[in-house]
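Naming convention: chains lettered A, B, ... in sequence-line order (proteins, then strands); numbering from 1 in each chain.
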Protein chains: 2
Amino acid sequence: MGRPTVTDIAREAGVSLATVDRVLNARPGVRAKTVAAVQEAVARLGYVRDMAAANLARGRSTRVAILLPDTESQFVQTLQDALEEAAALASSARMQVDLRRYPASDMHLLAATLADLAAGGISGVALMAPETPVLRDALRGLHAAGVPVVAMVSDLPHSAAAHYVGIDSHAAGRTAAMLMGRFLGARTPRVMVIAQSMLLRDSIERRRGFDAVMQRDFPGIEVGQTLETHGAPETLREVMRLSLASSGPVGGIYLLGSGHRALAQVLSELGLLGQVVTIGHELTPHTKAALQAGWMDAVIAQNVGHIARSTLRVLQAKALQQPINESQERLRLEIILRENLPHAS
Amino acid sequence: MGRPTVTDIAREAGVSLATVDRVLNARPGVRAKTVAAVQEAVARLGYVRDMAAANLARGRSTRVAILLPDTESQFVQTLQDALEEAAALASSARMQVDLRRYPASDMHLLAATLADLAAGGISGVALMAPETPVLRDALRGLHAAGVPVVAMVSDLPHSAAAHYVGIDSHAAGRTAAMLMGRFLGARTPRVMVIAQSMLLRDSIERRRGFDAVMQRDFPGIEVGQTLETHGAPETLREVMRLSLASSGPVGGIYLLGSGHRALAQVLSELGLLGQVVTIGHELTPHTKAALQAGWMDAVIAQNVGHIARSTLRVLQAKALQQPINESQERLRLEIILRENLPHAS
DNA sequence: TCGTTTTTGAGGTACGCACATCATTTGCGG
DNA sequence: CCGCAAATGATGTGCGTACCTCAAAAACGA
């Protein structure tokens, strides 16, 4: 005989199917004593609800929304691709995904979108966004409406997010520092730190983690301030020139983000390409190429495919009020060198 | 309206439900022209079979066997734990797992067990084993019987294995070499290589990968022969003493396997603990502790939880003759330092 | 004890699909 | 054009669960 079914529970508990159903689905109108009897039968037989059948019967088709910033970042694009792929697969598990980009500059618009979604009867929302007050209020509104919110990549600790899917950014920064310290060897003990912007929480935390390990384990290495480029090649060239002029040559470069289109060129103009230890974050076509070319030494990444699948699983679970398998959803921080670069699929 | 169902397909293709069913399940007795019409309707409507409902209707309860060597290795134990956890979860997806250990010394017994399983009507087998001729024949027998075989951790390229779940061992060795070379810095450019045994194919390939990168990128570093310990602390102490005496001091130690219980003690006896760069494989309680203590510098690992879940998913898919989502099943080679050690869960 | 409320039982329908049976239609060779 | 085989249609049942309705029984208060 296979797994026990509701019928077995009914027989075992000496009640009818209807009563078992009432207990299992927490419907009212059952005496506490009867509830206990049914629950005992469940425990005794080791009954586990067949979720496939349950969802089939419910006829539920979870509808969720995922919001990504419209930043021209290759990482976000990579993540979007992964989400689309995962969404296609998830459709076979009766879940439809509404994947959108929002203008990163207009948080009020994002908030309005979220309000619309809540009103439109969505069963879950996942988003990657910086935690501004406006957003926080919008998310609390969602929470009040019973819509679970999942934070992606960058956590939203003060916004009643039901779950965070992403790596520990502080640990990511610490790891980058550890590799930087060890790879630097006999090179000039000075590191330049470059970022596109420090808006998202994860950049800030990476920087903190980086500094923590640098101070603790490599006190002899000097770490510069964060140079913000806002994605503009001109600014990148300018700030690097200025920094080199004022603080002197460097042995390493730490990219808080996923790198820049123009970075290779600027580095080569400055005669640094391949000469300095370069460590960055996120696996994108750019960073992949840089690793392969050999001028980037390491990339600290999170598996976007995993993020995408995990996000959808968590949204599904939250929407159906099912428990979450923590160990499956925990993301690992990945260190990518040229040698363990994933093959193009 | 929700997702299209078989009924929609039938209407769209202008055929009956029965015919749609015949086409979808590749049953005989349908003209090529009709098959094409149905498939076109499927493509047009973007029909995706509801696997939950399909499996429910099939009422199948896949039974699979997983065989692990009874080696006293912490890695195998960790893997077993992960498999048990995954199996518990998989039971809710109508799949029962028969998890066993076989005596690593007796391949004939393993072959006999496999023959029994084939006769007993199993729908899939996964195993971690060295590819000996006896085993190869047994696996071909399984293949002939239509039982899919999944190789875990160590590939079985000549044994008609339907799938390999594990990382690229050559790449693992290359990665270890790259880290060793860069971490070594100004230390004595000599590396000692230690293994429990060189039986499993993965050890051999790691060694090959390690040597390849060492020769290419760090020609100045001398790499010793593989010292086999067969798990005995005495042997470990002996071979290390001999090697140090004959070849002189070393700056790094490369553990081809997951380390030894006695390693920390022997290293400390020889005054090497924390003095030499130590790199090994697989995340186990031992290697975790060593990383945390700081005397191991890096561990190249594969995510056992992922291996376990992937193995079960692949077995399930093979048994049900469903396609496999390659990108989800591809394992990443993980580099673990103290800084990105996963938290105890 | 009676009437009322609460609890329980019995039974049906639906979800999307697999699989089986039997009737009917179609295509094809002669 | 007939006969036969192949192809297709029609229809039913079951998988395990959710959810609904109505009737019956039990518990309860007065």
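Thr311(B) contributes a side-chain N or O that, together with a main-chain N or O of Ile307(B), makes up a donor-acceptor pair within less than 3.5 Å. Using modelled atom types, no side-chain atom of Asp21(A) and backbone atom of Leu17(A) make a donor-acceptor pair closer than 3.5 Å.
Within the 4.0 Å cut-off from OP1 or OP2 of dC19(C), at least one side-chain nitrogen or oxygen of Arg27(B) is found.
Considering CG of Leu110(B) and OH of Tyr102(B), their distance stands at 5.5 Å, rounded to 0.5 Å. To the nearest 0.5 Å, the span separating CD on Glu131(A) from OG on Ser159(A) amounts to 3.5 Å.
No salt bridge links Arg330(A) with Glu326(A); every basic N to acidic carboxylate O contact stays at or beyond 4.0 Å.
When rounded to the nearest whole Å, the span between CZ of Arg11(B) and C1' of dT8(D) equals 19 Å. If you measure from atom CG of Asp21(A) to atom P of dC20(D), you get 10 Å, rounded to the nearest angstrom. Between the CG atom of Leu24(B) and the P atom of dC17(C) there is a distance of 8 Å, rounded to whole Å. Regarding Asp50(A), its CG atom lies at a distance of 16 Å from the P atom of dC17(C), rounded to whole Å. Going from atom CG of Leu45(A) over to atom P of dG16(D) covers 14 Å, rounded to whole Å.
The side chain of Leu56(A) approaches dG16(C) more closely than any other nucleotide in the set dG16(C), dT17(D), dC19(C). Comparing atom distances between the Arg58(B) side chain and each of dA18(C), dC17(C), dT17(D) picks out dA18(C) as nearest.
Looking at Arg313(B), His163(B), Arg309(B), His306(B) one by one, the single match for side-chain hydrogen bond (donor to acceptor under 3.5 Å, both in side chains) with Glu329(B) turns out to be Arg313(B).
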* Can you give one letter per nucleotide of nucleotides 7-13 of chain C, going 5' to 3': B for a protein heavy atom under 4.0 Å from the base, S for sugar-phosphate only, - for none? -> SBBB---
